[in-house]
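FYI, side chains are in, hydrogens and waters are out, and symmetry mates aren't considered; it's all heavy atoms of this structure. One-based numbering, in listed order, for ligands and for the atoms of each.
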Amino acid sequence: MSNQFYPEWPDPERLLVVEDDDALRTTLVDMLGTLCRQVRAASTLHEAMREVAQHPPELLLLDLGLPDGDGAELLRRLRVTTDVPIIVLTGRDDEEEKVALLDAGADDFLVKPCGAAELLARVRGQIRRAGVSKAARRWTRLQLDGVEIDLLEQRVVRHGEPQRLTPTEWSLLRTLVLHAGRPLSPRQLWDLVWNREFGDYATHVRVHMTHLRRKIEPDPSMPRLIVTEPGVGYRFAAPPPARST
Ligand code: CA
């Protein structure tokens with residue numbers, strides 16, 4: 001997925017392929033070899049955990065059906081030790097499953113079998129997102145087409161008019177910025193922002209998102225800062241940091 005604000009991002013130094021099927025693993029390593037000098041491989045969850053600890057990759061390509069671990073559980077265990085981008089290799093193109101995997105910490109999905117062009121595009125996209133996300137964590141001020149947001153001062157001016165954000169809207173905005181480049185599902189936002197067990201989270205998130213967009217988007221009918229990822233959730237699309245003078 002291209003990012004209009006950061007079109008160029010250097011190729012990764014090290015990637016990790018986790019796949020127990022020998023033929024597929026070899027193919028994936030070969031494909032990724034065109035993008036990256038060092039592509040390492042693991043065929044079990046145990047090996048994958050050791051690789052992540054000893055040779056931290058910039059991105060992980062992860063098959064879920066491994067001999068010693070499975071699905072979302074495996075993702076959660078990896079997420080305890082690393083926030084590296086993880087692309088899950090899945091056998092089915094199922095939206096419900098994708099949301100569950102996203103909740104467990106996946107960054108993107110590839111449905112098997114996939115071609116080299118798509119694989120490389122997804123990997124490049126995730127590397128870029130991770131870089132943008134790191135950069136965004138350092139920002140305090142954003143400027144985009146008549147909108148100024150100062151996260152530190154908690155100040156928003158939209159087309160010359162100061163906007164008042166509620167504490168929940170600030171929390172929602174900060175959470176999205178903190179995860180810039182990565183889609184968050186309504187359930188994840190609910191957990192991160194509201195931290196409540198019960199409630200109609202889908203409606204809550206949608207309503208607050210609408211209010212927030214009205215205050216921070218240059219054109220709320222065509223959101224550019226908080227974009228919707230169809231079937232998945234919301235992603236903060238990072239604009240360049242305001243230049244310090
Ligand atoms: Ca497998």
Can you check whether F236 reaches T175 side chain to side chain, under 4.5 Å on heavy atoms? no

Among the N, O or S atoms of D20, the one nearest the Ca ion (ligand 1): OD1

Do the side chains of L165 and L172 get nearer than 4.5 Å, heavy atoms only? no

Below 4.0 angstrom, N of the basic side chain to O of the carboxylate: do E217 and R224 qualify? no

Is the distance from the Ca ion (ligand 1) to the nearest N/O/S atom of G65 under 3.0 Å? yes

Taking just the N, O or S atoms of D63, which one is nearest to the Ca ion (ligand 1)? OD2

V99 and E95, any side-chain heavy atoms less than 4.5 Å apart: no

